[in-house]
Enquirer: 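Below you will find the structure I want to go over with you.
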There are 2 protein chains.
Amino acid sequence: MRQKVKEAAEALDYHPNLAAQSLIARRSFLIGLTYERPSPSYVVELQNGALSRLDDGRYRLVVLPFAHVASRPEELGKLLLRAGLDGVLLAPPASDQPLLLDMLERQRLPYARITPHSDLDRGLVVAMDESAAGHAVAQHLLALGHRRIGIILGDPSHAASIGRLEGYRRAFAEAGVGIDDDLIVTGDFTYAVGYEVARTLLASAKRPTAVLAQNDDMAVAAIAAARELGLSVPQDLSVAGFDNSEVSRTAWPPLTTVNQPVAQMAWDAADRLIAMLDGKTVPELPQRRDHAHELLVRASTAAPAA
Amino acid sequence: MRQKVKEAAEALDYHPNLAAQSLIARRSFLIGLTYERPSPSYVVELQNGALSRLDDGRYRLVVLPFAHVASRPEELGKLLLRAGLDGVLLAPPASDQPLLLDMLERQRLPYARITPHSDLDRGLVVAMDESAAGHAVAQHLLALGHRRIGIILGDPSHAASIGRLEGYRRAFAEAGVGIDDDLIVTGDFTYAVGYEVARTLLASAKRPTAVLAQNDDMAVAAIAAARELGLSVPQDLSVAGFDNSEVSRTAWPPLTTVNQPVAQMAWDAADRLIAMLDGKTVPELPQRRDHAHELLVRASTAAPAA
DNA sequence: GATACGCCTGACAACGTTTACCGATTCTCG
DNA sequence: CGAGAATCGGTAAACGTTGTCAGGCGTATC
């Protein structure tokens with residue numbers, strides 16, 4: 001009987017109406033993903049990671065990019081609450097907005113936070129130790145013998161910037177090397193701005209022998225700026241990035257960087273969010289999952305010229 | 001009165017239940033976007049373009065990547081039909097699958113096709129003349145004086161590959177230059193495969209003086225392969241890409257390429273799809289909209305060495 | 001032949017809206 | 001002051017499912 005009904009349904013191309021199912025099940029089977037405007041490869045990895053967990057087709061992924069979260073978290077909150085989602089994945093910097101988390105909690109919209117920096121005990125958290133990762137890459141340059149190291153920060157409204165910088169500082173302190181604040185410039189994680197600030201950094205009187213960029217896009221921009229000035233990488237200047245995004249592999253020379261397992265973290269976040277939605281009681285879920293970074297030494301860094 | 005109700009709703013954080021609205025309105029206010037696995041920047045541009053049209057918040061965008069469409073179009077059809085969408089944006093190569101279009105039409109799921117190559121009168125179409133674009137970039141290399149030009153094709157299951165190649169052939173014929181089939185290699189639009197086939201191309205006895213790659217990722221891969229062999233670009237080898245994706249701007253040297261207004265085309269596709277969904281009768285809509293390509297000459301191409 | 005059990009059928013309420021309609025009330029204007 | 005229009009509150013139906021419950025039928029058990 002069951003079989004016959006299924007066959008008939010198939011023959012008639014019948015699909016149950018999802019709106020009616022949602023109405024009675026009291027959920028929409030929609031998962032949101034919100035992110036700011038980071039590099040394309042970061043977005044795509046995030047998306048693919050989340051989708052690979054959703055691929056049984058029960059849940060669907062709605063993308064909700066939102067610019068300037070830090071200055072208007074309530075607006076993002078409204079957007080998310082109006083979107084009729086069952087749960088939402090928060091990529092940085094939205095994952096670090098206490099006001100946003102407040103709103104979501106008040107309205108009972110479950111969320112999973114991807115690499116937040118503060119309030120690590122709040123909600124579902126998929127974490128990576130940004131500070132340790134920053135430490136690793138800074139230590140690598142110091143071990144090569146660099147002493148005058150420039151730093152290109154990402155968008156200061158992303159907590160990741162602060163975390164990574166903190167790691168750099170630790171590594172410098174351990175090596176007994178002082179940080180020259182004149183060699184710290186601030187970008188916003190994009191190539192365009194990265195290029196501009198890299199130019200001013202490299203044109204300064206005390207030009208560094210190495211550059212720590214807080215993501216790969218800005219690192220590639222720094223390489224381009226160096227070439228414009230007639231410097232070759234890594235002979236005259238070492239450049240290290242962050243993220244192990246596609247561009248780090250396709251750049252020339254391939255970038256030394258830190259792998260951030262973005263796709264895997266997004267999978268994990270989706271996995272835990274869904275487990276929660278499917279009614280696994282919260283206590284049996286660990287609140288937080290940590291992922292390891294990995295330093296990838298490639299051809300863009302070398303010992304400084306004597 | 002109206003005002004008072006709105007205030008009360010606001011005060012209570014009341015949001016109407018979207019599932020119930022969908023049920024009665026007989027639509028879900030979900031738009032799907034399906035694509036294969038092209039470069040990250042293409043996906044992101046596509047997405048942002050579509051989202052910029054959707055940003056009034058009435059419609060939401062669901063992403064549905066799907067690999068190997070050409071070999072299993074019906075599966076994608078089922079996925080789309082089960083997703084409860086009001087309409088779907090088809091990026092290549094899904095936009096060129098007649099079986100898929102058949103299924104969507106049979107089930108009355110409206111769709112908009114982005115840069116299809118065949119059946120241009122079917123459904124809503126946002127087109128670009130791939131052949132003319134291919135012609136433009138090939139002509140550029142020929143005008144510089146190149147005669148031995150290598151070609152790196154994209155995935156042959158994408159109609160775009162064929163269209164662009166057709167344009168190359170026209171330009172070659174006009175210049176009275178024969179195409180050497182040994183200098184044509186086939187990639188799949190990815191960096192990794194592009195790198196491999198570029199190596200074999202450049203290692204061949206009759207090494208070309210210029211390379212036409214069918215997208216920017218493969219062009220960048222060709223530059224990397226050239227560097228590995230000690231060739232510098234553009235002195236020893238000119239390389240032209242396709243798409244004007246972010247990587248073409250961030251590469252070194254910046255790539256000569258053809259701008260494909262992806263974001264704008266996605267906006268257009270979303271615009272027309274929504275106009276259709278909102279009940280504008282089909283006749284008053286033009287069936288097809290064309291977008292112009294634009295040759296962007298940058299630093300990766302130059303006259304061949306004497 | 002009575003009882004218990006399984007499977008199937010049909011009827012009905014519920015989910016949270018929107019739309020339509022009716023009668024009652026208030027407002028506007030001559 | 002009265003006619004007509006506008007507004008209001010209330011009620012009911014509909015959207016397409018899922019879940020429950022009662023009742024009917026057939027089969028196995030004692």
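In what follows, chains are A, B, ... by sequence order, proteins preceding strands, each numbered from 1.
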Enquirer: Backbone N or O of A/F189 within a donor-acceptor pair of the A/N215 side chain at under 3.5 Å?
Expert: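 The answer is yes, because a donor-acceptor pair under 3.5 Å joins these two groups.
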
Enquirer: Let me confirm one number: the OG-CG distance from B/S41 to B/N48, rounded to the nearest 0.5 Å.
Expert: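 CG of B/N48 is found 11.0 Å from OG of B/S41.
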
Enquirer: Grab the CZ-P distance between A/R82 and C/dT17 for me, whole Å please.
Expert: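 Answer to the nearest Å: 14 Å.
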
Enquirer: Strictly distance-based, threshold 3.5 Å: is any side-chain N or O of A/Q214 a donor or acceptor partner for the main-chain N or O of A/S161?
Expert: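 A pair under 3.5 Å: yes.
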
Enquirer: To the nearest 10°, give me the bend of the helix from C/dG1-D/dC30 to C/dG30-D/dC1, comparing the axes of its five terminal pairs at either end.
Expert: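 Roughly 30°, once rounded to the nearest ten degrees.
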
Enquirer: Calculate the interatomic distance between B/N17 atom CG and D/dC15 atom C1'; express it in whole Å.
Expert: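 Going from CG in B/N17 over to C1' in D/dC15 covers 13 Å.
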
Enquirer: Please lay out, stage by stage, how A/R249 and A/D216 fare under the test salt bridge (charged side-chain N to carboxylate O under 4.0 Å, His left out).
Expert: CA-CA 10 Å; A/R249 278 161 272 151; A/D216 292 328; over 6 Å; no

Enquirer: Does the side chain of A/Y14 get closer than 4.0 angstrom to OP1 or OP2 of D/dT17 through an N or O atom?
Expert: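 Yes, such a contact exists.
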
Enquirer: At under 4.0 Å, does any side-chain N or O of A/R26 touch on OP1 or OP2 of C/dA14?
Expert: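 Result: no.
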
Enquirer: I need the A/D86 CG to A/R27 CZ distance, nearest 0.5 Å.
Expert: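 Reported value, rounded in 0.5 Å steps: 6.5 Å.
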
Enquirer: May I ask you to evaluate whether B/Q21 reaches the phosphate of C/dT18, defined as a side-chain N or O under 4.0 Å from OP1 or OP2?
Expert: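 Looking at the OP1 and OP2 atoms of C/dT18, one of them is under 4.0 Å from a side-chain N or O of B/Q21.
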
Enquirer: Please report, rounded to the nearest Å, how far the P atom of D/dT18 is from the CG atom of A/L18.
Expert: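 Distance check: A/L18 CG to D/dT18 P gives 10 Å.
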
Enquirer: Does A/R60 reach the main-chain N or O of A/S28 with its side chain, forming a donor-acceptor pair under 3.5 Å?
Expert: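 Indeed, once roles are kept as given, a pair shorter than 3.5 Å links the two residues.
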
Enquirer: Choose from D/dC15, C/dC15, C/dT17 the nucleotide whose nearest atom is closest to any side-chain atom of B/L23.
Expert: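 The answer is D/dC15, which lies nearest to the side chain.
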
Enquirer: Find the distance B/I24:CD1 to D/dC15:C1' and express it as a whole number of Å.
Expert: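 After rounding, the gap between these two atoms is 6 Å.
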
